[in-house]
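Report on one structure; see the data block that follows.
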Amino acid sequence: MRDSYLPYGRQMIDEGDIEAVVKVLRSDYLTTGPAVAAFEKKVADYVGAAYAVAFSNGTAALHGACFAAGIGHGDEVITTPMTFAASANCVLYQGGTVVFADINPKTYNIDSVEIEKNISSKTKAIIPVAFTGQPADLERIHELARKHDLVVIEDAAHAIGASYKGKKIGSLSDMTMFSFHPVKHVTSGEGGMIVTNKKEYYEKLIQFRSHGITRDPDLLQENHGPWFYEMQFLGYNYRMTDIQAALGCSQMDKLEAFVARRKEIVAAYNQAFEPMAQIITPYQQSDSDSSWHLYIIKLNTLELTAGRKEIFDELQKQNIGVNVHYIPVHTLPYYQELGYQKGSMPHAEKLYEEIISLPLFPSMTEQDIIDVITAVRSVVKKVAK
Ligand SMILES: *Cc1c(COP(=O)(O)O)cnc(C)c1O
């Protein structure tokens with residue numbers, strides 16, 4: 001058994017990252033200076049989007065996207081239950097109604113057949129999540145969006161560096177959100193970004209992240225002079241600091257190497273677990289290239305005498321930092337109080353009972369990988385039928 005605890009995710013910071021942050025600390029701007037603009041440009045150029053707006057975190061970015069999409073009271077937004085709460089909460093911040101559409105049990109992503117069933121005259125947007133880094137069924141989702149005049153906001157917190165039918169995630173939908181939390185592919189400490197090709201969304205996002213205030217002479221209703229600004233709607237202070245942006249910018253240079261390393265680890269896991277009847281390894285879509293934020297094993301309960309909890313606890317005992325992604329959002333107490341029903345999303349609820357996320361991050365050593373494989377094999381074989 002390993003003697004140190006292996007977390008499920010961890011940032012990888014080098015001297016270049018540290019120098020980039022220190023440089024900002026010695027400069028004139030700690031916030032909303034040149035580093036934020038440089039980070040935005042770097043991400044926009046990388047994904048092939050015209051505009052990018054950095055936010056204090058990914059959740060704030062999603063809130064901004066819902067605002068820019070014009071979501072308000074009475075509007076319905078469709079998303080997946082198999083995600084982090086933020087994918088749905090952003091709709092509630094704007095007074096909208098979340099409508100969950102169940103997942104495809106094979107891909108674990110939102111099922112476009114379920115999306116279509118849930119479209120009503122009140123539907124305004126769809127928030128697909130590239131769960132674990134694997135893009136959702138974007139072609140069909142965009143078709144539905146065109147047909148019903150809906151905005152598509154991709155929650156790509158797991159998917160910077162991923163691509164769909166040869167195109168980078170971030171270049172395809174009305175707006176796409178990335179998160180730079182330390183467990184994600186590249187980090188800025190906390191941080192998020194919306195990328196878009198539409199100037200109209202870009203302008204709204206810029207203003208939203210800074211109180212709804214503008215100084216842009218083209219946007220002002222009156223102009224008293226060079227000091228003049230207007231607050232034109234209720235925005236927030238969701239700005240990213242230059243300290244964060246400098247880290248994010250420096251990390252972007254390593255994104256491709258980070259993703260490549262994740263893929264090596266995934267290949268080792270697949271090779272080890274595919275032959276085991278007790279484990280179902282992640283499905284790999286042929287239409288997309290996952291950026292592998294998470295590696296999730298599904299337990300084949302027919303082949304096991306123990307449940308997920310026993311296996312999870314035993315792996316934790318062996319210092320393997322396993323996790324579970326996610327508790328379906330509609331089953332969380334707050335959503336239960338809002339009236340969402342347990343049992344309404346059978347595929348997501350069943351999946352939740354059977355999954356374990358294994359450690360996956362670029363600085364894992366060969367020994368770390370062996371430790372995970374050895375522990376999973378021995379724990380699962382002990383309870384195999
Ligand atoms: C991390 C994450 C978010 C939120 O990002 P933060 O930067 O932590 O606010 C949203 N959606 C999903 C699916 C995430 O994994």
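This is a predicted model, so every value here is computed, not measured. All ligand and atom numbering here is 1-based and tracks the order in the structure.
- Counting only residues at least two apart or on different chains, the ring-ring contact (aromatic ring centres under 6.0 Å, His included) pairs with a member in residues 12-46 are Phe39-Phe180.
- The salt bridge (Lys or Arg N to Asp or Glu O under 4.0 Å) analysis of residues 81-106, with sequence neighbours excluded, yields no pairs.
- Checked for salt-bridge contact, Lys317 and Asp313 miss the test: no charged N lies under 4.0 Å from a carboxylate O.
- The immediate protein surroundings of ligand 1, defined as residues with any heavy atom under 4.0 Å of it, consist of Asn57, Gly58, Thr59, Thr83, Phe84, Ala86, Ser87, Asp155, Ala157, His158, Met177, Ser179, Lys184, Gly191, Tyr326.
- At a threshold of 4.5 Å between side-chain heavy atoms, the hydrophobic network of Ile, Leu, Val, Met, Phe, Trp and Tyr places Val186 and Val21 in two separate groups.
- In this structure a side-chain-to-backbone donor-acceptor pair under 3.5 Å is present from Gln336 to Tyr340.
- Identified under the side chain to side chain donor-acceptor pair (under 3.5 Å) test for residues 147-158, with sequence neighbours left out: Ser87-Asp155, Glu154-Ser173, His158-Tyr326.
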